[in-house]
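Taking it in order: structure first as structure tokens, then the write-up.
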Amino acid sequence: MGVTCVAQVPVAEGKSVQQTVELLTRKLELLGAEKQGTFCVDCETYHTAASTISSQGQTGKLMYVMHNSEYPLSCFALFENGPCLIADANFDTLMVKLKGFFQNAKANKIESRGTRYQYCDFLVKVGTVTMGPSARGISVEVEYCPCVIANDCWNLLMEFMQSFMGTHTPGIPSVFGTKHDSIYSPADTMVQYMELFNKIRKQQQVPVAGIR
Amino acid sequence: MAEGVLSPGVNLEAFSQAIAAIQALRSSVTRVFDCLKDGMRNKETLEGREKGFVAAFQESLHSVSRDLGELERLSNLVGKPSENHPLHNSGLLSLDPVQDKTPLYSQLLQAYKWSNKLQYHAGLASGLLNQQSLKRSANQMGVSAKRRPKAQPTTLVLPPQYVDDVINRIDRMFPEMSIQLSRPNGTSAMLLVTLGKVLKVIVVMRSLFIDRTIVKGYNENVYTEDGKVGYCISSNIKFYFYLVTDHATTALLHYQLPQMPDVVVRSFMTWLRSYIKLFQAPCQRCGKFLQDGLPPTWRDFRTLEAFHDTCRQ
């Protein structure tokens, strides 16, 4: 487990999502990266049930339950800006039992699937973000395995990302800023995915709302 | 030179006379034996026979002693060859009259000259090479070969308490580096050096000599199943730490000073500490972080600056 940066790559002009992903993977392969199977990150949204809101006088908070194929035995539960819980995979069945407090918003399920590449000590995962049946965007995850301190290797990560993402290289992720000198953990990666998914959901909602 | 060996004229004359005297002596000795062989001549009376034989024998013996006396007199005249020639007997080669066919003497002189030069240059060279005696190979050289058997027992057999002290002192010197000492296999110490949150290094010691180093990632497991520090586990993060291990091995070969092993350990640790900026320091030559997917893994032994493995030359 090293330091990871998750970013969104915009769809190239005049190209489909699939074509843009192919463009990216071809660049990676030219660089010398090796294909190593596939990966999947999914995210389910839970609303706080109406009964609890009224009794405690709080506004509804969203909770996200996520899975990552890199950590197949774990399940991540996150609140926006809030704590992140890492639990065993059967946490999902617990959520079914907590139906009275948390309700699953099925339509909001979003996931990113794609290919996993290795280049020296870097792991690169290029995925297509889908919500329901439609492809909504492209996610790129870059992990540098030898390092555990996010801020130590940010410049190095950025240089690597520039080599295949060019002008779409992202800025420093917000989780890096709060880490200081503490050790990077898988939960930080999931927070980045959660932020990315939220961003993609909002992007898509705006034009849809405009049509209505 | 010939004059010094044999005085000409008189002595050469004496030589030929002496040779003639030797010949005379030999013939007179032969006559004595002839006389004895022939025995008594056939004479009328026994008395006459005996008398004749004794007279002849006496006469021949006289001539022998006379010739011997003459030879002794001449041998004094000849004198001895002088013995204070610089090349001793080989100097006599210069007397050879046929120089052109067998130029032995001039060749001999050349050989002497070359051997003198060789000795001189060898002396200079050994003086120069001894100035580099900090290197490992210096021990194999002539002068320090005598010193070696003395130095080895003192530095190889150090009490464990002393080793602990030296390591503790180094541990206190570098706040960002923690050194954990254990002795999992007998008396040899094994150090687990944790450098910031960057990497872990397993250092196998033999007394105060560093025997082997293995570099691992900060988040990698360094313990074997029974809780000891394991030096056989290789790094999972193959590219990067494999290279650093390589460089660390180079470093421990570079820092060698058999007489002061604690200085060696200290300078090795100082060098190792420069890896604290492992992921933050760009290459001092090309200014980049990555080359072929690898960060600058090499640290210069003197300046401790970061370089890519391929940029360091």
Side-chain angles (χ1 to χ4, degrees), chain A residues 1-5 27-36 70-71 74 86 116-125 140 142-166 169 172-173 176 179-189, chain B residues 175-178 194-201 214-222 233-248 273-299 306-311:
Chain A
M1 174 67 218
V3 176
T4 309
C5 173
K27 265 190 200 166
L28 274 172
E29 276 163 20
L30 278 176
L31 202 68
E34 278 175 42
K35 207 184 246 188
Q36 284 194 330
E70 197 77 10
Y71 311 100
S74 302
I86 305 176
R116 183 182 191 263
Y117 285 91
Q118 178 154 29
Y119 174 63
C120 285
D121 293 327
F122 291 97
L123 280 179
V124 184
K125 293 169 196 164
V140 174
V142 180
E143 177 175 345
Y144 186 57
C145 301
C147 190
V148 291
I149 306 295
N151 291 314
D152 277 8
C153 66
W154 169 245
N155 288 325
L156 190 146
L157 261 178
M158 199 166 64
E159 195 180 296
F160 175 66
M161 287 191 286
Q162 271 163 357
S163 67
F164 72 97
M165 288 163 78
T169 309
I172 187 161
F176 282 32
K179 293 302 283 185
H180 298 295
D181 276 350
S182 55
I183 292 172
Y184 191 89
S185 77
D188 299 313
T189 307
Chain B
E176 60 276 74
M177 200 154 94
S178 85
T194 310
L195 182 62
K197 283 173 183 165
V198 177
L199 47 78
K200 287 178 181 170
V201 187
I214 298 128
V215 179
K216 290 166 144 290
Y218 179 77
N219 50 357
E220 281 185 288
N221 183 27
V222 288
I233 320 162
S234 60
S235 178
N236 298 327
I237 305 168
K238 46 189 175 182
F239 295 99
Y240 189 68
F241 291 113
Y242 179 77
L243 254 180
V244 181
T245 301
D246 241 22
H247 295 333
R273 196 177 61 110
S274 62
Y275 278 103
I276 191 100
K277 296 270 179 205
L278 190 56
F279 306 108
Q280 299 169 48
C283 172
Q284 292 297 304
R285 184 150 177 190
C286 64
K288 288 188 174 173
F289 284 99
L290 293 171
Q291 196 176 66
D292 299 328
L294 289 168
T297 49
W298 176 260
R299 294 291 183 276
F307 290 100
H308 286 123
D309 195 25
T310 44
C311 284

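These numbers come from a predicted model, not from an experiment.
Not one N or O on the side chain of B/Glu176 forms a donor-acceptor pair closer than 3.5 Å with the backbone of B/Gly196. A donor-acceptor pair under 3.5 Å is absent between the side-chain atoms of B/Arg299 and the main chain of B/Ala306, judged by distance alone. Judged by distance alone, the side chain of A/Arg116 and the main-chain N or O of A/Lys125 form no donor-acceptor pair under 3.5 Å.
With contacts defined as side-chain heavy-atom distances shorter than 4.5 Å, the pair B/His247/B/Tyr275 qualifies. No side-chain heavy atom of A/Cys120 sits less than 4.5 Å from a side-chain heavy atom of B/Asp292. Looking only at side-chain heavy atoms (C-beta outward), B/Tyr218 and B/Leu195 stay at 4.5 Å or farther from each other. Side-chain contact between B/Phe289 and B/Gln280 is absent, with no heavy atoms from C-beta onward closer than 4.5 Å.
Under 3.5 Å, the side chains of B/His308 and B/Thr297 contain no donor-acceptor pair of N or O atoms. Counting only N and O atoms by type, the side chains of A/Gln36 and A/Gln118 include a donor and acceptor under 3.5 Å apart. Counted by atom type alone, A/Thr4 and A/Tyr144 present zero donor-acceptor pairs between their side chains at under 3.5 Å.
The parts of B/Lys288 that come within reach of chain A are both its backbone and its side chain, each placing non-hydrogen atoms under 4.5 angstrom from that chain.
Scanning residues 156-165 of chain A against chain B with a 4.5 Å heavy-atom cutoff picks out A/Leu156, A/Glu159, A/Phe160, ordered by number. Within residues 148-155 of chain A, the residues having any heavy atom less than 4.5 Å from a heavy atom of chain B are, in residue-number order, A/Val148, A/Ile149, A/Asp152, A/Cys153, A/Asn155.
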